[in-house]
Protein chains: 2
Amino acid sequence: MSKKLLPLADGEDCATSLVAEPLSEAEAAGLAGVFKALADPVRLRLFSLVASHAGGEACVCDLASSFDVTQPTISHHLKVLREAGLLDSERRGTWIYYRARPEAMAQLSLLLAPQGAAA
Amino acid sequence: MSKKLLPLADGEDCATSLVAEPLSEAEAAGLAGVFKALADPVRLRLFSLVASHAGGEACVCDLASSFDVTQPTISHHLKVLREAGLLDSERRGTWIYYRARPEAMAQLSLLLAPQGAAA
DNA sequence: CGTCTATGTTGACCGATGTCGATGTATGCA
DNA sequence: TGCATACATCGACATCGGTCAACATAGACG
């Protein structure tokens, strides 16, 4: 496996659906970390803001103005989302641009799809 | 609207995708609550165990034996999942049976689908 | 009614986490 | 070199949340 998606998909275990079979403890631990990253209103809005931004990316200065929290807090939340595998970041000049990872979203989407929703 | 899905879909606002447009604060708050319910390894395994159980339902006595935590803790986690709209419960005699809500899973799955995966 | 089993509730403890102010680091520019 | 901007990191604080033991409730059965 060359591509690194979510932390839960790193190694041998990679559940494809929550309804197919019970999660192992390791799978559950990894997955819970990803959901934990989405389990905060500010992070959820941040993620949605980045994912829906024109060009598919946004710099921190574009994001911070939409929230009441301070810049260090925004920076903290972005780090959580990045470490969960949901966002990528890239520095260009003075600014750092964040981008959503479609593979991560797709994997989560499939995990939550009831039965054979793709069929 | 007669059917009540996730708390986030109760009223006027009901986002269909995280990438289509930025979430409102209200949408983010509701959605974060649902993700918070899934952001715990024990709850995630509980949910998966119920969803993948034969017959689509399981009683607490079937579940508790798979975990190291005490029965009150299991009961607490089941309550969180139920209040998040992810599980339904029904008493039959001495036992209480839990069942996954496919509509809730489908809604979450669509929210995380990158671009127009369902189209 | 009494008792046993299955499950939910309460209250307390304690580690995890969101938030802030202060400070550090990197880049651009004069 | 010096300063300004953009962003990250650190340390502290307050709140949240997972867990347990103890207790409460509800049905089955005698």
Side-chain angles (χ1 to χ4, degrees), chain A residues 7 23 25 28-50 53 55 57-84 86-99, chain B residues 7 23 25 28-50 53 55 57-84 86-99:
Chain A
L23 287 175
E25 294 189 34
L31 243 190
V34 180
F35 282 126
K36 198 169 297 186
L38 294 172
D40 180 275
V42 175
R43 281 200 292 272
L44 215 40
R45 288 181 59 206
L46 267 175
F47 183 74
S48 174
L49 213 50
V50 170
H53 201 266
E57 59 184 14
C59 71
V60 184
C61 56
D62 292 331
L63 305 170
S65 55
S66 298
F67 297 88
D68 287 333
V69 299
T70 62
Q71 172 267 324
T73 299
I74 295 289
S75 196
H76 162 67
H77 285 312
L78 287 171
K79 181 180 183 179
V80 172
L81 288 169
R82 182 161 35 85
E83 289 180 340
L86 293 166
L87 289 182
D88 259 344
S89 65
E90 178 196 357
R91 167 158 234 145
R92 285 208 300 276
T94 309
W95 300 275
I96 298 184
Y97 290 86
Y98 281 84
R99 187 182 302 103
Chain B
L23 288 175
E25 294 189 33
L31 243 188
V34 180
F35 282 126
K36 199 169 296 185
L38 293 173
D40 180 274
V42 174
R43 281 199 291 270
L44 216 40
R45 288 181 60 208
L46 267 176
F47 183 73
S48 173
L49 213 50
V50 170
H53 201 267
E57 59 183 13
C59 72
V60 183
C61 56
D62 292 331
L63 305 169
S65 56
S66 299
F67 298 87
D68 287 334
V69 299
T70 62
Q71 173 267 323
T73 299
I74 296 288
S75 196
H76 163 68
H77 285 313
L78 287 172
K79 181 180 184 178
V80 172
L81 288 168
R82 182 161 36 84
E83 290 181 340
L86 293 166
L87 289 183
D88 258 346
S89 64
E90 178 196 356
R91 167 157 235 146
R92 284 209 298 277
T94 309
W95 299 276
I96 298 184
Y97 290 87
Y98 282 84
R99 187 182 304 104

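Note on naming: letters A, B, ... go to the chains in the order of the sequence lines (proteins, then strands), and numbering restarts at 1 for each one. Note that the structure is a prediction, hence the values are computed from the model and not measured.
Residues satisfying the side chain to side chain contact (heavy atoms under 4.5 Å, CB included) criterion with Ile96(B), sequence neighbours excluded, are Ser89(B), Arg91(B), Tyr98(B). Checked against side chain to side chain contact (heavy atoms under 4.5 Å, CB included), Thr73(B) has the following partners two or more places apart in sequence or in another chain: Val69(B), Thr70(B), His77(B).
When the P atom of dC7(D) is taken as reference, atom CG of Leu63(A) falls 9 Å away, rounded to whole Å. Residue Leu46(A) contributes atom CG, which lies 13 Å from atom P of dC7(D) at whole-angstrom precision. Counting to the nearest Å, the P atom of dG18(C) and the CD atom of Glu83(A) are 12 Å from each other. Summarising the geometry, the separation between OH on Tyr97(B) and P on dA6(C) is reported as 12 Å, rounded to the nearest angstrom. Rounded to an integer number of Å, the gap from Ile96(B) CD1 to dG27(D) C1' is 10 Å. In this entry the distance linking CZ of Arg92(A) with P of dT5(D) reads 22 Å, nearest Å. When the P atom of dG17(D) is taken as reference, atom CZ of Phe35(A) falls 18 Å away, rounded to whole Å. The distance between atom CG of Leu78(B) and atom C1' of dT9(C), rounded to the nearest whole Å, is 14 Å.
Using a 4.5 Å cut-off on side-chain heavy atoms (C-beta onward), Leu63(A) and Leu78(A) make contact. A heavy-atom distance below 4.5 Å is found between the side chains of Ser75(B) and Gln71(B).
Considering only the side chain of Val69(A), dC20(C) comes nearest among dC7(D), dC20(C), dT7(C). Ranking dT7(C), dA8(D), dT9(C) by closeness to the Cys59(B) side chain, first place goes to dT7(C). Candidate nucleotides dT7(C), dG18(C), dT19(C) were compared by shortest atom distance to the side chain of Arg43(A), and dG18(C) ranks first. Checking dC7(D), dA21(D), dT7(C) against the side-chain heavy atoms of Pro72(B) singles out dA21(D) as nearest.
A residue-by-residue look at Gly93(A) and Val42(A) shows that Val42(A) has its nearest nucleotide of DNA chain C further toward the 5' end. Mapping Arg91(B) and Ser89(A) onto DNA chain D by nearest heavy atom places Ser89(A) at the nucleotide closer to the 5' end.
Not one N or O on the side chain of Arg45(A) forms a donor-acceptor pair closer than 3.5 Å with the backbone of Phe67(A).
Interface remark: the Gln71(A) side chain does form a donor-acceptor pair with the dA8(D) base, using a distance-only criterion of under 3.5 Å.
Summarising the local packing, CD of Glu25(B) is surrounded by 12 or fewer heavy atoms from other residues, nucleotides or ligands at distances under 6.0 Å.
Contact between the side-chain N/O atoms of Thr94(B) and the OP1/OP2 oxygens of dA6(C) is not found at any separation under 4.0 Å. For Lys36(B) and dG17(D), the shortest distance from a side-chain N or O to OP1 or OP2 is below 4.0 Å. Applying the 4.0 Å criterion to OP1 and OP2 of dG18(C), one finds that Thr73(A) has every side-chain N and O outside that range. Residue Thr70(A) places none of its side-chain N or O atoms closer than 4.0 Å to OP1 or OP2 of dT19(C). When the side-chain nitrogen and oxygen atoms of Lys79(B) are compared with OP1 and OP2 of dT9(C), one or more of them lie within a distance under 4.0 Å. In terms of phosphate contacts, His76(A) brings no side-chain nitrogen or oxygen within less than 4.0 Å of OP1 or OP2 of dT19(C).
Taking all atoms of both residues into account, the shortest heavy-atom contact from Ala37(B) to Arg43(B) is O-NE, 2.7 Å.
Backbone-only engagement by Tyr98(B) is indicated by non-hydrogen atom pairs under 4.0 Å involving sugar-phosphate atoms exclusively. Among the protein residues, Arg82(A) comes within range of no part of the nucleic acid, since none of its heavy atoms lies under 4.0 Å from any strand.
Checked against Asp40(B) for a side-chain contact (heavy atoms from CB on, under 4.5 Å), the options Leu44(B), Leu38(B), Val42(B) give a single hit: Val42(B).
With the end axes of the helix from dC1(C)-dG30(D) to dA30(C)-dT1(D) each set by five pairs, the angle from one to the other reads 20° at 10° resolution.
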